[in-house]
Amino acid sequence: MTQAEILTLIDEELTTDDVQTEMSPQKIVWTDHSGTENSVSPHQTAINGHGVIAWWQCNKAGKEEVRVRLQEKKVITWNPTITTLGQPIFRDGLLYFYENYLIIKYKDNHYQRLFIFNIQTLKDEEILINALTIQVKIIENELFLGGFYHDEEFIKITMYPDCLEKENIDEAYLQQRNITFD
């Protein structure tokens, strides 16, 4: 399914909730009950193999959130954690599904953050990494994370159906497996 098709599904979901939207190929825009503009762009969406849709919902007032429409057509909201008085932003962000795990990368005031949200248990886990900017590579059930600089950390997360396994790795491991960050 293309990101434009996912955007259409999100627009239909919002319309079901009696939200008046304006849709273009670049984004969906609407005003919430408090008069604040909200939007979703195609690159801020993800879908898994079971039809579960996720989207990063931008809000002009800084109340950004991730919405997930489950198979039962039930929508849940995950609020990005922030550690400053700033607001979370999706610039250089990532939403990606692996089975029932939603990988969420976004920028806090000074650095990037990465969470893995289990849509079955509704639990999230922040993956802490010693890096200002997080590079991401996903290969099947393995998530590789690393910084841009040689003195920054590399981590491999293996996603199993019932748990996550975190392992510190190095550049030699990545080279041995022929893994590069795009």
Side-chain angles (χ1 to χ4, degrees), residues 1-10 25-27 40-58 64-71 78 80-83 88-182:
M1 180 173 287
T2 68
Q3 288 181 313
E5 291 170 323
I6 297 169
L7 206 60
T8 300
L9 291 174
I10 294 166
Q26 289 77 34
K27 67 172 136 177
V40 177
S41 297
H43 71 279
Q44 299 168 317
T45 66
I47 189 167
N48 75 4
H50 305 289
V52 176
I53 303 168
W55 64 93
W56 181 280
Q57 190 166 300
C58 294
E64 314 250 322
E65 56 190 23
V66 174
R67 310 277 318 262
V68 181
R69 187 190 78 180
L70 303 172
Q71 287 175 285
W78 181 82
T81 303
I82 57 172
T83 57
I89 56 175
F90 195 76
R91 187 181 71 216
D92 301 324
L94 170 77
L95 280 182
Y96 182 86
F97 273 109
Y98 174 75
E99 299 291 333
N100 291 314
Y101 292 107
L102 176 61
I103 300 158
I104 306 164
K105 182 180 92 162
Y106 63 95
K107 186 169 176 29
D108 200 340
N109 198 30
H110 297 292
Y111 60 95
Q112 292 183 339
R113 300 183 77 167
L114 190 130
F115 283 82
I116 299 177
F117 180 68
N118 186 320
I119 62 170
Q120 283 190 324
T121 64
L122 304 181
K123 293 187 182 194
D124 65 358
E125 182 176 338
E126 182 170 18
I127 306 301
L128 300 174
I129 180 169
N130 181 20
L132 289 174
T133 302
I134 303 170
Q135 298 182 89
V136 177
K137 180 74 170 199
I138 302 166
I139 302 173
E140 296 177 6
N141 71 326
E142 295 178 321
L143 172 65
F144 298 92
L145 308 171
F148 277 123
Y149 305 104
H150 293 288
D151 62 340
E152 294 180 327
E153 197 172 20
F154 293 98
I155 296 174
K156 178 178 93 168
I157 308 289
T158 306
M159 297 172 280
Y160 296 107
D162 58 345
C163 68
L164 301 173
E165 184 178 283
K166 181 179 171 183
E167 177 183 350
N168 287 323
I169 58 174
D170 57 16
E171 283 187 82
Y173 178 88
L174 293 170
Q175 290 171 353
Q176 178 186 8
R177 298 249 337 249
N178 199 26
I179 296 168
T180 58
F181 294 103
D182 302 327

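Values below: every heavy atom of this structure, side chains too, minus hydrogens, waters and symmetry copies.
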Notebook entry, point to check: Between the main-chain N or O of Pro42 and the side-chain N or O of Gln3, is there a donor-acceptor pair closer than 3.5 Å?
Noted result: yes
Next item on the list: State, yes or no, whether a side-chain contact exists between Val68 and Trp78 at a heavy-atom distance under 4.5 Å.
Entry: no
Notebook entry, point to check: Is there a donor-acceptor pair under 3.5 Å between the side chain of Gln44 and the backbone N or O of Val40?
Noted result: no
Next item on the list: Could you tell me whether a side-chain N or O of Gln135 sits under 3.5 Å from a main-chain N or O of Gly147, the two making a donor and an acceptor?
Entry: yes
Notebook entry, point to check: Measuring from Thr180:OG1 to Leu174:CG, what's the distance to the nearest 0.5 Å?
Noted result: 9.0 Å
Checklist line | Beyond-backbone contact of Asn48 with Glu99, side-chain heavy atoms, under 4.5 angstrom | finding: no
Notebook entry, point to check: Which value, rounded to the nearest 0.5 Å, describes the distance between Ile179 atom CD1 and Ile169 atom CD1?
Noted result: 6.5 Å
Next item on the list: Classify the angle between the aromatic ring planes of Tyr106 and Trp56 as parallel (below 30°), tilted (30 to 60°) or perpendicular (above 60°).
Entry: tilted
Next item on the list: Check Ile53 against Phe97 and note the closest heavy-atom contact, atom names and distance.
Entry: C-CE1, 4.3 Å
Item checked: Whether over 12 other heavy atoms sit under 6.0 Å from Gln120 CD -> no
Next item on the list: Find the distance between CG (Leu114) and CG (Leu143) and round it off to the nearest 0.5 Å.
Entry: 6.0 Å
Next item on the list: Could you check if a side-chain atom of Val66 sits within less than 4.5 angstrom of a side-chain atom of Leu102, using non-hydrogen atoms only?
Entry: yes
Check: Considering all heavy atoms of both residues, which atom of Lys137 and which atom of Asp182 are nearest to each other, and what is their separation?
Finding: NZ-OD2, 3.2 Å
Margin query: Can you tell me how far apart CZ (Arg67) and CD1 (Ile10) are? Round to the nearest 0.5 Å.
Written below: 10.5 Å
Which atom pairs, donor and acceptor, lie under 3.5 Å between side-chain atoms of residues 156-168 and protein residues at least two apart or in another chain?
from: Lys156; atom 1: NZ; to: Glu142; atom 2: OE2; distance (Å): 3.4
from: Lys156; atom 1: NZ; to: Tyr173; atom 2: OH; distance (Å): 3.2
from: Lys166; atom 1: NZ; to: Leu128; atom 2: O; distance (Å): 3.4

Note to self: Could you report the tightest heavy-atom contact between Val136 and Lys105, atom names first, then the distance?
What the structure shows: CG2-CD, 3.9 Å
Notebook entry, point to check: Does some side-chain heavy atom of Phe115 sit less than 4.5 Å from a side-chain heavy atom of Ile103?
Noted result: no
Margin query: To the nearest 0.5 Å, what is the distance between CD1 on Ile138 and OH on Tyr98?
Written below: 11.0 Å
Notebook entry, point to check: Mind checking what makes side chain to side chain donor-acceptor pair (under 3.5 Å) contact with Thr121, not counting sequence neighbours?
Noted result: none
Checklist line | Inter-residue atom distance Ile134.CD1 - Phe148.CZ, 0.5 Å rounding | finding: 10.5 Å
